[in-house]
Amino acid sequence: MASTLPSAKELQDAVASSKDTEVRKMLIDLLRTATDTHADQREEAAQILADTWKDCAELEDNLVDALWLQGSTLTSAQEEAKNEDGGETSNPAVDALIEVIKTLVEVPDRESFHAKLQSNLLPSLLESAGLASEDDLLKRLRIHNTQVNYKQQKYNLLQEETEGYSKLLHFLSGLKQDEEEDSQLQRLNQLVGTFELDPNRVMDLSIDVLES
């Protein structure tokens, strides 16, 4: 016997009442049914999602979360099946989810929804749903990798990194002429790197201290 699906009105009422837990449960139930190729109510579930999304923009965050969860679950199962079979394995449930996503993104005036999907969904789903090309995804990956591993956060103001600049000023004020230049530069570089100090600001302070 088929389970009773939540109606579009019930879903909208839950959103209006700010019952997020209930909303997420309804969305997951609908998505599971819409992506179950053996479910009699598959098309009905997909239609309820589309109709509710057209009339209720407040559904956005919970809908993105539900799509992410269902997408992660289905693609993970697909990867496991692929590893067991040793080759490419098609998953009809993933294909059904992609069709649901395509329908949802066609709703007009939902630009922020597109952006959130691009930030949260797996790359394979984004590409299949036409939300991002492989080149776009690779470009984003390179930018993210650069920001995480290579881009230095530089602190320019004394109040932003008080400990670092305090140690820098203490070091500069205690410089001795008979001390080896290489060891002084090494210590200076250590301070700049450890506390992520702005090199230009360090140069200004060094000149000020040495002139005084």
Side-chain angles (χ1 to χ4, degrees), residues 5-6 8 10-12 14-15 18-39 41-85 87-151:
L5 293 174
E10 289 173 333
L11 187 51
Q12 290 182 38
V15 173
S18 300
K19 298 178 180 178
D20 288 342
T21 302
E22 187 176 341
V23 170
R24 283 191 288 268
K25 183 180 183 303
M26 289 182 179
L27 288 172
I28 290 298
D29 287 344
L30 288 167
L31 281 172
R32 284 175 178 168
T33 303
T35 56
D36 183 353
T37 54
H38 301 293
Q41 298 170 296
R42 176 184 169 190
E43 292 184 2
E44 180 186 354
Q47 191 61 51
I48 291 173
L49 284 167
D51 291 343
T52 308
W53 178 227
K54 288 176 184 177
D55 299 329
C56 186
E58 294 79 12
L59 191 66
E60 181 173 278
D61 289 338
N62 285 319
L63 183 56
V64 171
D65 288 343
L67 288 169
W68 168 82
L69 179 60
Q70 186 68 358
S72 299
T73 302
L74 293 177
T75 52
S76 177
Q78 185 179 37
E79 286 299 320
E80 290 180 4
K82 184 188 299 184
N83 293 333
E84 291 177 0
D85 296 342
E88 292 294 326
T89 302
S90 176
N91 188 339
V94 174
D95 296 337
L97 179 63
I98 291 170
E99 291 304 314
V100 170
I101 294 172
K102 287 180 178 180
T103 300
L104 296 175
V105 298
E106 288 176 356
V107 176
D109 302 323
R110 297 287 192 272
E111 288 77 10
S112 61
F113 177 64
H114 296 184
K116 288 178 181 178
L117 287 180
Q118 291 172 337
S119 299
N120 289 276
L121 292 189
L122 294 172
S124 58
L125 290 178
L126 290 174
E127 185 174 5
S128 298
L131 290 170
S133 66
E134 183 177 359
D135 290 341
D136 289 336
L137 294 172
L138 289 174
K139 181 179 179 181
R140 291 183 190 182
L141 181 60
R142 285 195 295 269
I143 293 174
H144 176 73
N145 184 53
T146 299
Q147 291 176 337
V148 170
N149 297 304
Y150 300 104
K151 188 175 181 180

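In this text, all values refer to a predicted model and were calculated from it rather than measured experimentally.
The backbone N or O of Ala96 sits nowhere less than 3.5 Å from a side-chain atom of Arg42 that would complete a donor-acceptor pair.
The stretch residues 43-59 participates, sequence neighbours left out, in no salt bridge (charged side-chain N to carboxylate O under 4.0 Å, His left out) pair at all.
Using a 4.5 Å heavy-atom threshold, the side chains of Leu30 and Leu11 count as touching. His114 is listed as a side-chain neighbour of Val105, based on a closest heavy-atom distance under 4.5 Å. The closest side-chain heavy-atom distance from Ile101 to Leu131 is below 4.5 Å. Counting heavy atoms from C-beta outward, Pro6 and Ile48 have side chains that stay 4.5 Å or more apart. Put simply, the side chain of Lys102 reaches to within 4.5 Å of the side chain of Ile98, judged on heavy atoms. Side chains of Arg32 and Thr73 form no contact here, defined as non-hydrogen atoms less than 4.5 Å apart.
Taking CG from Asn62 and CG from Asp20, the interatomic distance works out to 4.5 Å, rounded to the nearest 0.5 Å. To the nearest 0.5 Å, atoms CG (Leu104) and OG1 (Thr52) are separated by 10.0 Å. Taking CD of Glu10 as the start and CE of Met26 as the end, the distance is 5.5 Å to the nearest 0.5 Å.
For Lys19, the side-chain contact (heavy atoms from CB on, under 4.5 Å) partners two or more places apart in sequence, or in a different chain, are Ser17, Glu22. Not counting sequence neighbours, the partners of Thr21 by the side-chain contact (heavy atoms from CB on, under 4.5 Å) test are Arg24.
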Working for side-chain contact (heavy atoms from CB on, under 4.5 Å), residues Val107 and Phe113: CA-CA 10 Å; Val107 176; Phe113 177 64; over 6 Å; no
Going through the distances and angles, do Leu125 and Val94 end up as a side-chain contact (heavy atoms from CB on, under 4.5 Å)? CA-CA 8 Å; Leu125 290 178; Val94 174; 4.0 Å; yes
Could you walk me through whether Leu67 and Leu97 satisfy the side-chain contact (heavy atoms from CB on, under 4.5 Å) test, starting with their C-alpha distance in whole Å, then the side-chain angles of each, then the deciding distance to 0.1 Å, before giving a yes or no? CA-CA 8 Å; Leu67 288 169; Leu97 179 63; 4.0 Å; yes
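Residues Ala34 and Ala45 share a closest heavy-atom pair of N-CB, 3.8 Å. Taking each heavy atom of Leu59 and Val15 in turn, the nearest pair found is CD1-CG2, 3.6 Å. Nearest heavy atom pair, residue Lys116 against residue Asn120, reads O-ND2, 2.7 Å. Nearest heavy atom pair, residue Ala46 against residue Val100, reads CB-CG2, 4.4 Å. Of all non-hydrogen atoms in Thr37 and Ala93, the two that sit nearest each other are CG2-N, 4.3 Å.
No option in Val23, Asp29, Ile28, Leu27 other than Asp29 meets the side chain to side chain contact (heavy atoms under 4.5 Å, CB included) test with Lys25.
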